[in-house]
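Below is one structure; the comments refer to it alone.
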Amino acid sequence: MSVPSVTTLRGLVTRGPLLTCVRHKARINIQRPKLPHWEKARFQRLTVPQLPQTADLLSEDAGCYHAVERRPEREENPLEVILGKMVRETCEKSELIVFFHRNSITMSEVHKMWQMLKRAGFTYHKLFSNTIAAHAFGGTSLAPVLQLCRSHTSLVTCPEPRVAQLLRLRKKLPQLVMIGGVVSGRFMSVADLERYGQLPGRPALLAQLSGLLAGPAAATSAALNHHQAALVRSLAALSESQEQP
Amino acid sequence: MDVRRILRCSGVLSNADHVASLFVRSVPVAGLKYFKPPADYSDMKIPERPKLWMLPKVPQFPPGMRIPKSQKRLIDMRGPETVHNQLLHKQYGIIALTGGKLKHGHMEMIRMTLGRRIDVKRMFAVWRVDAVWKPVTKRGQGKRMGGGKGAIDHYVSPVRAGRVIVELAGACDFEECKPALQEVAGKLPFKAEVVSHEILQKKQELERWQEANNNNPYTYEYLVQNNMTGCHRWCSKYDKIWFGKYQ
């Protein structure tokens with residue numbers, strides 16, 4: 001191979017003979033490429049592309065290539081939507097909805113628990129994922145309960161607000177940890193539920209209320225009849241003492 | 001958990017979906033598997049010969065013609081493939097990442113492997129490389145130099161980087177076809193990759209974006225075109241065309 005022999009040495013152009021012959025092996029091996037010469041390797045190292053960092057790629061000026069592996073949005077699972085609707089319908093008909101955190105539990109224990117609650121008049125629901133909770137409660141008046149649905153969650157519902165009975169059954173549910181609830185549309189914490197459970201029953205409360213309402217009238221009538229009643233009691237005592245020998 | 005927060009939030013929170021999105025992914029939990037509805041391939045037509053046909057081992061020449069021998073012509077394997085680098089059926093295929101040559105044995109391997117693996121009622125395969133045509137001569141082992149060019153030993157089909165080797169299409173998903181194509185790609189004599197139409201488009205888009213968004217002012221193209229550090233002394237003519245991207 002012949003090359004023109006003009007070289008530049010520190011800016012000084014030196015000229016040799018017009019043509020010189022050099023040995024240049026042009027055959028390359030495509031499939032087993034040899035390591036590049038130092039000069040070429042230097043070029044390759046210098047010309048490594050410097051691309052914008054991932055954070056810069058998220059800016060609007062980054063261009064339209066979606067090089068950033070943005071986490072794809074989770075596709076809506078139609079089964080989860082259906083289950084969410086079912087939970088929502090159940091909760092709308094229930095006066096009592098109590099949320100539990102579910103620890104590790106076997107299926108046989110779940111079955112026993114479900115049976116016991118069913119006999120007591122409660123219904124146990126397992127929330128498979130918090131996405132189902134989002135479908136059930138999102139956009140409704142019960143939306144704040146989603147703050148309780150952080151981890152493994154279960155519900156117990158009842159058409160009547162029988163909180164005291166559920167609190168007594170809690171001892172038989174070791175794997176469920178009560179975290180809050182909704183009673184007749186009111187959001188309650190665990191302490192609120194315990195206080196609610198200690199309240200007397202409705203008839204007792206109604207009797208107390210009627211007693212309270214009747215209190216002032218009874219006090220007035222007693223005050224008005226006080227002197228007459230005292231006189232009658234004194235006269236009765238006197239007549240008894242005179243009859244005795 | 002603050003009870004007062006819940007009470008305060010009751011009836012006040014308007015963007016409940018936003019609240020849900022904050023909490024739904026906080027704990028990894030086994031969920032319900034989502035089985036996507038299968039894609040619609042009702043308008044897909046399977047050709048009469050769905051399997052790859054056998055390619056000849058030796059090219060046919062007119063009778064009486066002296067069978068030609070040819071030079072090595074490594075240029076047939078060098079550089080990028082500019083013509084056959086897209087998928088015709090826009091589904092799945094194998095792409096060569098580097099140049100190389102395919103012998104008849106490789107083509108038989110591709111044909112038999114895919115023939116075993118594909119379901120002929122739903123899928124079909126198509127050749128995208130030529131049958132072997134380029135003669136490769138050999139002198140004979142232990143022979144001395146001289147005596148003319150050796151005899152033709154076998155024929156090959158040269159392949160450039162980016163060439164589509166074989167395509168697989170039909171009423172099938174990429175996940176279904178990938179194992180069969182992967183098996184073939186692993187046995188080819190050069191680096192090859194299994195791609196789908198989407199993957200190929202993404203690769204090309206990535207390449208264009210990288211070119212447009214390269215913050216390094218020194219590109220190989222710039223250095224070579226401006227003869228930086230006197231690189232024309234050692235550059236080959238192909239460095240001035242492909243700028244170091246291909247051998």
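Residue numbers begin at 1 in each chain, while the letters A, B, ... track the order of the sequences.
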>> Keeping B/N214 on the side-chain end and A/Q50 on the backbone end, is there a donor-acceptor pair under 3.5 Å?
In response: yes
> Do you know the tightest heavy-atom contact between A/I30 and B/G100?
Replying inline: CG2-N, 4.5 Å
>> Could you walk me through whether B/Y34 and A/E80 satisfy the side chain to side chain contact (heavy atoms under 4.5 Å, CB included) test, starting with their C-alpha distance in whole Å, then the side-chain angles of each, then the deciding distance to 0.1 Å, before giving a yes or no?
In response: CA-CA 9 Å; B/Y34 176 44; A/E80 285 183 346; over 6 Å; no
> Is it the backbone or the side chain of B/K191 that comes under 4.5 Å from a heavy atom of chain A, or both, or neither?
Replying inline: neither
> Within a reach of under 6.0 Å around OH of B/Y218, are more than 12 heavy atoms found that belong to other residues, nucleotides or ligands?
Replying inline: no
>> Is it the case that over 12 heavy atoms from other parts of the model lie below 6.0 angstrom from the NZ atom of A/K118?
In response: no
>> Donor-acceptor pair, distance only, cut-off 3.5 Å: does the side chain of B/N216 make one with the backbone of A/L51?
In response: no
>> Does atom NZ (B/K240) have a neighbourhood of more than 12 heavy atoms from anything else shown, all under 6.0 Å?
In response: yes
>> For a 4.5 angstrom cut-off between non-hydrogen side-chain atoms, does A/F43 reach B/T229?
In response: yes
> Are there more than 12 heavy atoms of other residues, nucleotides or ligands under 6.0 Å from atom CD of B/Q204?
Replying inline: yes
> If you count heavy-atom pairs under 4.5 Å with chain B, which of A/L46, A/T47, A/I132 comes out on top?
Replying inline: A/T47
> Under a 4.5 Å cut-off applied to non-hydrogen side-chain atoms, are B/K33 and A/L79 in contact?
Replying inline: no
>> With a sphere of 6.0 Å drawn around OH of B/Y41, does it hold more than 12 non-hydrogen atoms of other residues, nucleotides or ligands?
In response: yes
> Counting N and O atoms only, with roles assigned by atom type, does the side chain of A/Q31 sit under 3.5 Å from a partner on the main chain of B/P189, one being a donor and the other an acceptor?
Replying inline: yes
>> Working to the nearest 0.5 angstrom, can you tell me the gap between A/N29 CG and B/Q247 CD?
In response: 8.5 Å
> Is B/L32 close to A/S129 at the side-chain level, that is, under 4.5 Å between some pair of heavy atoms?
Replying inline: no
> Has B/M228 got more than 12 heavy atoms of other residues, nucleotides or ligands less than 6.0 Å from its CE?
Replying inline: yes
>> Can you confirm whether B/K103 is buried at NZ, in the sense that more than 12 heavy atoms of other residues, nucleotides or ligands lie under 6.0 Å from that atom?
In response: no
> Side chain, backbone, both or neither: which part of A/L83 has a non-hydrogen atom closer than 4.5 Å to chain B?
Replying inline: side chain
> Is the number of heavy atoms from other residues, nucleotides or ligands within 6.0 Å of NZ (B/K149) greater than 12?
Replying inline: yes
> For B/D239 and A/K40, what are the C-alpha separation, side-chain angles and deciding distance, and is it a side chain to side chain contact (heavy atoms under 4.5 Å, CB included)?
Replying inline: CA-CA 10 Å; B/D239 280 331; A/K40 191 165 187 176; 3.5 Å; yes
